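Lettering of chains follows the sequences in order, A, B, ..., and the numbering in each one begins at 1. Predicted, not measured: the structure shown is a model, and the values here were computed from it. Heavy-atom basis, side chains included; hydrogens, waters and symmetry copies ignored.
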2 protein chains.
Amino acid sequence: MLDTTPQTYTRADEAFDCLQTAIVKGDLAPGDKIGELDLCSRFDLTRGPLREALGRLESRGLLVRRPHAGVRVVSLSTTELVELYRIREIMEGLAARQAAERMTDQEIADLQATLDAHETMIDEAHGQAYYQAEGDYDFHHRIATGSRNVKLAQMLLGDLYYMVRMYRYRLSTSAGRPHRALGEHRRIVEAIAQRDGELAEFLMKRHINAARKNIEKKIQEGVLTI
Amino acid sequence: MLDTTPQTYTRADEAFDCLQTAIVKGDLAPGDKIGELDLCSRFDLTRGPLREALGRLESRGLLVRRPHAGVRVVSLSTTELVELYRIREIMEGLAARQAAERMTDQEIADLQATLDAHETMIDEAHGQAYYQAEGDYDFHHRIATGSRNVKLAQMLLGDLYYMVRMYRYRLSTSAGRPHRALGEHRRIVEAIAQRDGELAEFLMKRHINAARKNIEKKIQEGVLTI
DNA sequence: CAAGCCCATATTGTCGACAAACTATGCTGG
DNA sequence: CCAGCATAGTTTGTCGACAATATGGGCTTG
């Protein structure tokens, strides 16, 4: 009895993916009131699967719903966005620690290779934000799965990352930051390669802390208006 | 335009609550394969709202679903259960720290009064596990909301607690532990009352760490079979 | 002229039936 | 006697229509 994992993709899954990417990419902006019929015609779906997808999105915190009053894309206040980074800080710290204890040598090697690829991408793009964002996402993704902590990875990859990515396009990093971030990534991987979980956790927390302070600064400068 | 919060409870919400409590209370045991029609007749619902509730429960990790093959209550392995406590440790630690910074004096006073009530409950019940469990839940609930970190509270109260409570009835604390746990609670509240966030975080992490080690010991003893 | 109420409309919540897919039983062949 | 396959049955996924409710505009009234 092989676990063939039939993996038949259902309409609801399709709807879920469509909506999630639409929200993350900004096609559905925060605060938008979205009607079910609009969405149906937009993604060529029927209301049944759509509603199921909406329920899932709501449960993940990307949508807010009021009975009989429609569904809106969640709109984070500045303080909520900052709080999100505090959560990321500790959770990714734990992920880094456990990754240092559990990643295979092969995975670590792949991770280092990934960083090399990121470096060339950044050089070619002259520090453009987009590639940095993708590379950053890739890096944190690998750490999360490498922790072998299923629930932790699920929470990071399923909940937090999508919310952060929602606001990513407004959080363009300042010039020169890509290189510095890459350096921080390298030091984290070094710690992991040396199986030093404590150091990996410390460096990861500081890495995300820097990002949080960067955002807080921009908010105080009034550059970032949400 | 007062925000009257119409709060009309929909059938889907009803279904969601019913299922969640049924899972937590153990009426639906981990690993059970549950048919939609069974559930409909059981809770007197129709399949539409039920499916929406199932989607939400799946998204929260309490159910696993395979297309066309039914839905089962999630069954945690021992390692997954332990990993859950590692996540709780850091998240509740953060909650305690932020609660120390942000709870109102009134909330802190209420929290202390709650602990007094717990003490009498434990004495009356001669350390019976059930009251301890309820009191423990209440305590951690207040800390989470007191952190004023919406997302953090949402993750703790919405996701983690229900998974932990699912296995609570098997995790009966050893004799005498209720009193010790209460003592730990008191010290945490003391730290919060003194607005010492760092200490509150430390004590909370140690508190949950103790619970985790307790479980690990029981698993190694073979007492706890999941 | 402003504020509050009432009603029409459009949207959401709910229901029952149809179609597609997996599971299990029985049969055939080696 | 066991293994593999085909088929029947049950369960899930999907669809369209009906009912309930919040929003917004117009009206009345102070």
Side-chain angles (χ1 to χ4, degrees), chain A residues 1-20 22-23 28-75, chain B residues 1-20 22-23 28-75:
Chain A
M1 197 232 262
L2 292 170
D3 190 352
T4 47
T5 60
Q7 294 290 14
T8 49
Y9 260 34
T10 169
R11 296 266 198 192
D13 294 328
E14 188 186 329
F16 182 76
D17 291 336
C18 285
L19 286 176
Q20 195 167 39
I23 293 172
L28 298 173
D32 274 8
K33 183 198 167 205
I34 52 187
E36 293 186 358
L37 296 178
D38 297 355
L39 293 176
C40 286
S41 57
R42 195 161 168 176
F43 296 108
D44 195 37
L45 290 163
T46 175
R47 279 185 61 214
L50 180 86
R51 282 181 62 78
E52 194 175 322
L54 289 178
R56 284 198 243 175
L57 268 309
E58 184 201 15
S59 177
R60 293 205 174 182
L62 265 69
L63 297 178
V64 289
R65 211 173 191 179
R66 238 179 20 177
H68 294 283
V71 52
R72 312 180 86 89
V73 180
V74 73
S75 177
Chain B
M1 196 236 263
L2 291 170
D3 190 352
T4 47
T5 59
Q7 293 290 14
T8 49
Y9 260 33
T10 169
R11 297 267 198 191
D13 294 328
E14 188 186 330
F16 182 75
D17 290 337
C18 285
L19 285 176
Q20 195 166 36
I23 293 173
L28 298 173
D32 274 9
K33 183 199 168 206
I34 53 186
E36 294 186 357
L37 296 178
D38 298 355
L39 293 176
C40 287
S41 57
R42 196 161 169 176
F43 297 107
D44 194 38
L45 290 164
T46 175
R47 279 185 59 213
L50 180 85
R51 283 181 61 78
E52 194 175 322
L54 289 178
R56 284 198 243 175
L57 267 309
E58 184 202 14
S59 177
R60 293 205 175 182
L62 265 70
L63 297 178
V64 289
R65 211 174 193 178
R66 236 178 22 174
H68 295 282
V71 52
R72 313 180 85 89
V73 180
V74 73
S75 177

Handout entry: Check: B:Leu19 and B:Leu50 side chains under 4.5 Å, non-hydrogen atoms
Key = yes

Problem - Closest non-hydrogen atom pair, A:Ala12 against A:Ala53 - result: O-CB, 4.0 Å

Practice task
Look at A:Thr10 and D:dT14 and indicate whether a side-chain polar atom (N or O) is within less than 4.0 Å of OP1 or OP2.
Solution key: yes

Exercise for the section: Rounded off to whole Å, could you give me the CG-to-C1' distance for the A:Leu37 and D:dA17 pair? Expected result: 13 Å

Practice task
Report the distance from atom CZ of A:Arg66 to atom C1' of C:dG13, rounded to the nearest whole Å.
Solution key: 16 Å

Practice task
Could you tell me the separation between the CZ atom of A:Arg65 and the CG atom of A:Leu57, rounded to the nearest 0.5 Å?
Solution key: 9.5 Å

Quiz: residues 34-43 of chain B side-chain donor-acceptor pairs under 3.5 angstrom, not counting sequence neighbours:
{"unit_1": "B:Glu36", "atom_1": "OE1", "unit_2": "B:Arg47", "atom_2": "NE", "d": "2.9"}
{"unit_1": "B:Glu36", "atom_1": "OE1", "unit_2": "B:Arg47", "atom_2": "NH2", "d": "3.1"}
{"unit_1": "B:Glu36", "atom_1": "OE2", "unit_2": "B:Arg51", "atom_2": "NH1", "d": "2.9"}
{"unit_1": "B:Ser41", "atom_1": "OG", "unit_2": "B:Leu37", "atom_2": "O", "d": "3.3"}
{"unit_1": "B:Ser41", "atom_1": "OG", "unit_2": "B:Asp38", "atom_2": "O", "d": "2.8"}

Practice task
Could you tell me whether A:Gly70 contacts a base, only the sugar-phosphate backbone, or nothing, with contacts defined as non-hydrogen atoms closer than 4.0 Å?
Solution key: sugar-phosphate

Problem - Any B:Arg11 side-chain N or O less than 4.0 Å from OP1/OP2 of D:dA20 - result: no

Problem - Results of side chain to side chain contact (heavy atoms under 4.5 Å, CB included) for B:Asp13 - residues two or more places apart only - result: B:Thr10, B:Arg56

Exercise for the section: Give A:Gly35 one of three labels, base, sugar-phosphate or nothing, depending on what nucleic acid heavy atoms sit under 4.0 Å from its own. Expected result: sugar-phosphate

Handout entry: Which residues share a side chain to side chain contact (heavy atoms under 4.5 Å, CB included) with B:Thr46, sequence neighbours left out
Key = B:Pro49

Are any protein N/O atoms closer than 3.5 Å to N/O atoms in nucleotides 6-8 of chain C? If there are, list each pair with its distance.
none

Fill in the blank from the handout: Among D:dT23, C:dG13, D:dT12, the one nearest any side-chain atom of A:His68 is C:dG13

Handout entry: Polar pair under 3.5 Å, donor/acceptor by atom type, side chain A:Arg47, base C:dG13
Key = yes

Handout entry: Salt bridge flag under 4.0 Å for residues A:Arg60 and B:Glu58
Key = no

Handout entry: side-chain contact (heavy atoms from CB on, under 4.5 Å) assessment of A:Ile23 paired with A:Leu63
Key = CA-CA 9 Å; A:Ile23 293 172; A:Leu63 297 178; 3.8 Å; yes

Problem - Interatomic distance, A:Arg72 CZ vs C:dT12 P [rounded to whole Å] - result: 12 Å

Handout entry: Position toward the 5' end of DNA chain D (nearest nucleotide), B:Asp38 or A:Leu45
Key = B:Asp38

Handout entry: With A:Asp17 via side chain to side chain contact (heavy atoms under 4.5 Å, CB included) - residues at least two apart
Key = A:Tyr9

Handout entry: Of B:Thr46 and B:Lys33, the one whose closest DNA chain C nucleotide lies more 5'
Key = B:Thr46

Exercise for the section: Can you sort out which residues in residues 49-58 of chain A have a heavy atom within less than 4.0 Å of DNA chain C? Ascending by number, please. Expected result: A:Arg51

